[in-house]
Structures are given as C-alpha cells and as structure tokens.
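Values in this document were obtained by computation on a predicted structure and should not be read as measured data. Quick note on labels: first sequence line is chain A, next is B, and so on, each numbered from 1.
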2 protein chains.
Amino acid sequence: MVTIYDIAKLANVSAMTVSRVINNTGKISDKTRAKVKKVMEELHYVPNSMARSLVLQETKMLSLLITDITNPFYTTLARGAEDAAMKRGYKLLFSNSDEDVAKESEYVDMVLSTRVDGVLFAPAGDDSLSHLEKLRKHGIPFVLIDREVPGMESDTVLGDSKEGARKLVEHLIGLGHRRIALLNGSLDVSTARHRYTGYKEALKLSDIPFDDELIAESAYSRSSPNRTIEAIERLLQLPERPTALFAANNFLAIEAIRAMRDRGIRVPDDMSVVCFDDLDLASVIDPFLTVAAQPAYQFGTIGVQLLLDRIQETDGAEWRKIILPSEMIVRKSVQPFAEL
Amino acid sequence: MVTIYDIAKLANVSAMTVSRVINNTGKISDKTRAKVKKVMEELHYVPNSMARSLVLQETKMLSLLITDITNPFYTTLARGAEDAAMKRGYKLLFSNSDEDVAKESEYVDMVLSTRVDGVLFAPAGDDSLSHLEKLRKHGIPFVLIDREVPGMESDTVLGDSKEGARKLVEHLIGLGHRRIALLNGSLDVSTARHRYTGYKEALKLSDIPFDDELIAESAYSRSSPNRTIEAIERLLQLPERPTALFAANNFLAIEAIRAMRDRGIRVPDDMSVVCFDDLDLASVIDPFLTVAAQPAYQFGTIGVQLLLDRIQETDGAEWRKIILPSEMIVRKSVQPFAEL
DNA sequence: CTGTTAGCGCGTTCAA
DNA sequence: TTGAACGCGCTAACAG
C-alpha cells in the first residue's frame with residue numbers, strides 16, 4: 001500500500017509536505033505542489049481514511065440503523081439519507097435490526113467500535129432505550145427517525161401517525177363503516193401507539209363506540225406472518241364481523257389481504273382495507289391500496305440534516321423534533337358499506 | 001474516549017495484557033483476566049476498530065455496490081449479503097451507483113480509501129471496467145454480482161439471463177404470439193445483452209423471423225422513464241403492432257404498463273407482458289405479472305461467500321463463476337393471442 | 001504468564 | 001515555505 005512517505009521520498013520532500021498538498025492546508029509553492037501531485041498520480045495514491053480518522057478523531061461515516069431493509073418505506077428513506085450524506089461528504093453504514101432489539105444491540109456495539117460520527121436510528125422498540133443511552137453515554141450524536149422512545153430526548157424526525165390514522169379511519173367512517181378493525185404493529189413501537197390513538201380519536205369524533213375485540217396486535221415486519229394470520233382469523237370469526245380494516249403499515253395490510261383472500265374474503269367487496277405507508281412499485285402497476293403515504297425520502301434527508309447539524313454544533317442546542325405530514329391516497333381497496 | 005491504557009492503569013497491568021484479554025490471545029491468569037474485564041465494564045470500554053484496522057491491515061468491512069437501492073431485487077440481495085457477512089463477522093458498507101458510471105467512480109475512490117477488505121460489485125455498465133481495474137491494481141478482492149464486464153475476469157455470481165429470457169419468450173410463443181417486442185435495458189449491461197440473446201434464440205427455435213423494429217432500448221433504473229415512454233409509443237405505432245412485450249426487468253415492465261395504460265392499451269387484453277425479476281410486495285397483493293424470478297437473496301449470500309473465500313485464499317485459486325437459475329412464474333399479465 | 005518496544009499512516013505542533 | 005518529532009489506539013514480536 002503506498003503511503004505519504006512513498007510519495008515524499010520520490011518527490012524529494014517530507015511527508016508533511018505531501019500531507020499539506022493532500023489537504024490543501026498551509027502554504028506550498030506551486031512547484032513542489034505540482035511535483036507532489038505528479039508522484040501521487042503515478043503511484044495511484046489513495047489516502048488511508050483509517051489512519052486519518054485515528055488522528056482526526058472523526059470518520060466521516062454515519063450509521064443508518066433501520067428495522068427492515070426490504071420495506072420500501074425504509075429503502076426510500078435510506079436513499080434520501082444516502083444522497084444527503086454523500087452530498088456533505090459522509091459515508092453511510094447501513095444496518096438492519098429486523099425489528100429485533102437483541103440484534104439491534106449487536107449493531108450498537110458495532111457502531112460504537114467503528115467510531116462513526118453519528119447515527120440515524122430507527123429504534124426497534126421501547127427497549128431500544130438502553131441502546132440509545134449507551135450511545136449518549138459515549139457521546140455519539142444520534143437522530144431518531146420514524147419512531148421515538150419514551151424516556152429519551154433527542155433530535156427526531158417523525159411522521160404524523162396520529163393524524164394520518166385519524167384521516168384514514170374517518171375516511172372509512174365517511175363511507176358508512178362502523179365496525180372497523182385495527183391490525184396494529186407491536187405497541188412497543190411508538191408509531192403503533194400513535195396510530196392506535198388516531199384510530200380511537202376518529203371513532204370518538206363520530207360517536208362510534210370503541211370495541212376492544214376489533215383490535216389486533218401483530219408485528220410490522222414480515223418475519224412472522226403467523227401472528228397476522230391468527231389475528232385475521234379471529235377478526236373474521238367475530239359475531240359481528242368488521243366491514244373494514246385499518247392496517248398499521250404496508251406489510252400488515254398485505255399479509256392481511258393475503259390471509260383474507262385465502263379464506264374467501266374479497267377486498268374491497270367483503271372488506272375494505274386502508275393502511276399506513278405506500279407500496280411504491282405495487283401502487284404503480286395496480287393502484288389498489290388506499291394509504292396514508294409518508295414522505296419517506298424526506299425522512300432520510302432531514303434526518304441527516306439534523307444529525308450533521310448536531311455534529312457540527314458546538315454548544316448544545318435545543319432538541320429538534322420534525323413532524324412530517326402524510327398524504328391520504330384514496331384507491332380501490334375501499335368501498336362504501338352497504339347495509340344488508 | 002476510554003482506551004486500553006485507561007483500563008491498564010486502573011487494573012495495574014500493561015496495555016498489552018488488556019489487549020490480550022480483549023482478543024483472547026496468549027496465556028492470561030484467570031485472576032488478571034477477571035480484574036481487567038471488571039475494569040473494562042466499569043469504564044464501558046469499546047475497542048476502537050480504526051486503530052485495530054490500522055495495525056492489522058484489515059477492516060472487517062465489505063462494500064456492497066449496487067445500482068439501485070430501491071429495486072426489490074437489490075434490496076433482497078443486500079439482505080442476503082448482510083446476513084452472510086454478519087454471520088462471518090463482517091460489516092457491510094452499502095453504496096448506490098444509480099446505474100451511473102460516474103457516480104460509481106466516486107464510490108470506488110471511497111471504497112479504496114476506506115480500505116474495506118473486499119467489494120461486492122454490481123457494475124453499472126461495461127465502462128465499469130476501469131473501476132474494476134483500479135480495484136484490482138490496488139489488490140482489493142471483489143466479486144461481480146448480477147452482471148459481468150467484458151475484459152475482466154473475476155469471481156462472479158450471475159443469473160441465467162439467457163435461459164430465463166428464452167423461457168419467457170417461448171411461453172409467449174406457445175400462447176400464439178408472434179409479434180413480440182423487447183423492451184431492454186442498456187446494452188452496456190451484460191444482462192441486457194444476455195436477455196437479448198435469449199429472446200433471439202427463442203424466436204429462432206420457433207422459426208419466427210427477427211424484426212429489429214420490435215427492439216427498444218431504455219434503462220433499467222427508474223431515474224429516466226422518458227426513454228421508456230418514447231419506446232412504448234414507437235412500438236404502439238408500428239404498422240403491425242406487437243401483441244406481447246418482454247421487459248428486461250421489473251421497473252421497465254412497470255413503466256411500460258403505466259405508459260400503455262395511459263394510452264388506453266390494456267394488459268393483458270390488448271398486450272401480454274412478461275419480465276425479469278419479481279416484484280415482491282406487488283406480487284403478493286396482486287399476482288399479476290408473469291416473471292422470471294431470480295433468487296435474489298442467494299445472489300447476496302453466495303457473493304459474500306465467494307468474496308470471503310477469496311479474501312482468505314492464500315494462493316490465487318481459479319476464478320469461480322456461479323450461475324443461478326431463475327424460475328418462471330406464470331400469472332395474469334399474459335393472454336393467448338387470438339387471431340382476428 | 002506479563003511487560004517493553006516499535007510501528008501501522010496520518011496530521012498537529014513547533015521549529016527552522 | 002518546509003521539516004522533525006510526537007501521538008492517535010492498538011497489536012506483533014520479542015524479552016523477561
């Protein structure tokens with residue numbers, strides 16, 4: 001591996017001069033600069049960022065910890081984060097916690113030892129608190145994205161889960177539905193709680209009694225579809241069957257639709273379905289699901305922005321909390337409720 | 001930041017002893033080991049992997065360079081790669097070239113300066129050759145995934161593009177179609193060429209004359225849908241309009257279907273459509289597109305496997321080339337051709 | 001079993 | 001405008 005010393009020797013200067021040429025610091029005569037640059041090119045020199053990090057105490061790397069790399073919401077977010085980071089000269093280290101707090105723990109240790117300059121963190125659940133405390137204790141700046149964690153203040157980028165949920169459910173109510181089921185993610189995740197709240201608010205505003213039996217809890221990720229299937233089975237066997245379903249995210253909606261189809265329930269004819277997060281590709285080819293679409297790309301860019309601001313901050317500024325609105329897109333998965 | 005020296009001082013041992021405890025090397029008495037471990041925990045010590053990399057000359061990081069992080073084929077591949085890397089103690093640095101050879105160049109420089117131990121490389125096109133030569137010159141092992149580059153030998157994981165294409169087109173032919181258009185990606189990409197070849201082979205086997213007018217070239221990524229739209233318009237205006245379309249990847253199929261829909265052409269009634277790569281989510285909710293599905297996850301795991309084998313190889317073993325079959329999944333986007 | 005020395009590649013500090 | 005010495009945090013090699 002060629003180092004600045006190799007360059008220095010061939011250019012008849014000191015290593016320090018080479019370093020100055022690389023970083024454009026100090027005063028260097030044009031002549032020696034040209035000479036050094038020439039040698040650098042001849043030797044195909046590439047600076048060693050490890051060594052530089054060690055002395056500079058910064059890596060120019062950010063870590064993005066998401067819970068599911070196959071979910072289009074997160075991939076679009078990742079893309080936004082990457083574009084923003086790249087633009088500011090930072091690399092992005094992706095990690096995938098699989099909605100699993102234990103796996104998340106391993107990643108936090110990795111992040112710590114890699115000495116990244118900051119972390120974009122989509123917590124797997126409220127138990128992520130200890131991981132965040134660990135980061136904080138080590139002085140690593142982080143921004144929470146998509147989800148917040150009780151007991152931990154920080155810069156945060158969230159969606160308007162409550163409002164989005166309320167709008168979706170109100171849409172169903174407006175079409176005459178009164179038995180509306182909620183297929184939620186784990187209540188251990190803040191967005192699930194907020195969407196739950198929005199659901200209840202919508203009912204209340206229309207004087208529809210809340211029925212606990214209509215609530216089912218599964219998991220956001222696709223790793224365990226069984227809980228979703230069981231939930232759907234229970235809902236379908238209810239004496240007074242729901243006529244509409246609000247799924248708390250895209251994967252839940254899909255698994256639910258699949259489970260219902262397998263049981264002969266058609267959407268939207270037998271059951272209207274709405275959900276949070278759009279499906280990207282799927283929506284183009286077949287504009288089917290009525291959704292509350294979130295500006296996923298902006299989650300990423302804004303998250304990086306907050307993070308880099310925090311990193312460059314000298315005095316501890318106030319925590320910033322950005323709430324991004326979602327947009328309801330009405331499509332075909334919903335039908336008016338027709339009394340029999 | 002806590003260092004091994006801090007630990008050493010508090011534990012009344014030398015830094016070297018601490019290092020040995022951390023790495024489980026050498027012989028250490030249980031007593032001192034316990035003492036050191038206790039201090040490490042008290043101080044929340046986390047090893048600095050930068051420093052370690054510097055001396056060990058290895059980073060335990062791999063870089064995954066893909067061309068589109070929003071394409072489900074690549075995200076699933078990424079997931080496979082990450083799982084495999086993680087399992088072997090490696091981190092994965094993702095990058096996204098956007099099918100852009102220039103952007104790719106920046107990433108290669110980044111990769112070089114980060115001193116990753118190896119690269120999983122999905123080249124943006126044949127011009128990626130110079131980037132690969134750069135990696136090779138610097139002695140960084142890499143594995144080509146999904147695409148190969150003329151003039152560069154290396155370990156490679158490919159799909160059976162030719163066979164997959166042939167099967168898809170034969171399926172269309174079997175249904176009576178004879179005017180079959182090909183909407184291809186850039187011929188600068190090996191998979192596009194192979195799919196082209198498979199297309200032609202299928203025609204030849206059925207004695208259907210090849211018609212150059214039925215061939216359109218666009219781009220795999222969604223960044224420039226205009227070329228696809230123009231291509232579709234041209235195909236639709238052909239004197240003898242095609243009755244079926246083979247799109248060389250999922251995004252092309254989607255853009256094509258959208259463009260046709262906008263022009264009043266229904267799929268499959270007016271036009272049958274098949275393509276390479278499945279759509280994941282979209283297929284669950286609405287099993288629509290007939291596709292040649294590739295084992296994306298395996299692309300990732302096998303790629304990492306080849307890469308790590310190569311990294312640990314002492315003597316230069318033969319290049320290995322793994323070809324993964326694709327599976328044709330027949331769905332609703334295809335109809336038999338009915339002569340008028 | 002444990003410690004000392006040296007150096008990985010680079011940038012800061014100070015001197016020339 | 002340039003260079004020498006030092007240290008970032010760690011481990012290999014050798015010594016004890």
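The distance from atom NZ of A:Lys137 to atom CG of A:Leu132, rounded to the nearest 0.5 Å, is 12.0 Å.
The nearest whole Å value for the distance from the CG atom in B:Asp30 to the C1' atom in C:dT2 is 15 Å. Across the protein-nucleic acid pair, A:Arg52 atom CZ and C:dG11 atom P stand 5 Å apart, rounded to whole Å. Between the CG atom of A:Leu54 and the P atom of D:dC10 there is a distance of 9 Å, given to the nearest Å. Between the CE atom of A:Met16 and the C1' atom of C:dT13 there is a distance of 10 Å, given to the nearest Å. In this entry the distance linking CE of B:Met1 with C1' of D:dG9 reads 12 Å, nearest Å. Atom C1' of nucleotide D:dT1 and atom CG of A:Asn24 are separated by 15 Å, given to the nearest angstrom. With rounding to whole Å, A:Asn12 atom CG is found 13 Å from D:dT2 atom C1'. With rounding to whole Å, A:Ile4 atom CD1 is found 13 Å from D:dA4 atom P.
Checking B:Arg20 against A:Leu56, the closest nucleotide of DNA chain C that is more toward the 5' end is the one next to B:Arg20.
Taking a cutoff of 4.0 Å between a charged side-chain nitrogen and a carboxylate oxygen, B:Glu58 and B:Lys91 do not qualify as a salt bridge.
Checked by distance alone, A:Tyr5 brings a side-chain donor or acceptor within 3.5 Å of a matching partner on the base of C:dC10. Residue-to-nucleotide contacts include no donor-acceptor pair under 3.5 Å from the side chain of B:Arg115 to the base of C:dG9.
OP1 or OP2 of C:dC10 lies within a sub-4.0 Å distance of a side-chain N or O belonging to A:Tyr45. OP1 or OP2 of D:dC8 has not a single side-chain nitrogen or oxygen of B:Asn48 nearer than 4.0 Å. A sub-4.0 Å separation between OP1 or OP2 of C:dT2 and a side-chain N or O of B:Thr32 is present. When the side-chain nitrogen and oxygen atoms of A:Thr17 are compared with OP1 and OP2 of D:dG3, one or more of them lie within a distance under 4.0 Å. For B:Ser14, a side-chain nitrogen or oxygen approaches OP1 or OP2 of C:dG3 to under 4.0 Å.
If you check C:dC1, C:dG11, D:dG3 against the side chain of B:Ser29, the one that comes closest is C:dC1. Of the listed nucleotides (D:dC10, C:dT12, D:dG3), D:dG3 has the atom at the smallest distance from the side chain of A:Val13. Set against C:dT4, D:dC8, D:dG9, the side chain of B:Ala51 has D:dG9 as its closest nucleotide. Here the nucleotide nearest the side chain of B:Thr3, chosen from C:dG9, D:dC10, C:dG3, is D:dC10. Listed nucleotides C:dG11, D:dG9, C:dT2 differ in distance to A:Gln57; the shortest reach to its side chain belongs to D:dG9.
Side-chain polar atoms of A:Thr25 and A:Asn23 form no donor-acceptor pair below 3.5 angstrom. Between the side chains of A:Asn71 and A:Tyr220, no donor-acceptor pair of N or O atoms lies under 3.5 Å. Counted by atom type alone, A:Glu99 and A:Thr67 present one or more donor-acceptor pairs between their side chains at under 3.5 Å. No side-chain donor from either of A:Thr3 and A:Tyr45 sits under 3.5 Å from a side-chain acceptor of the other.
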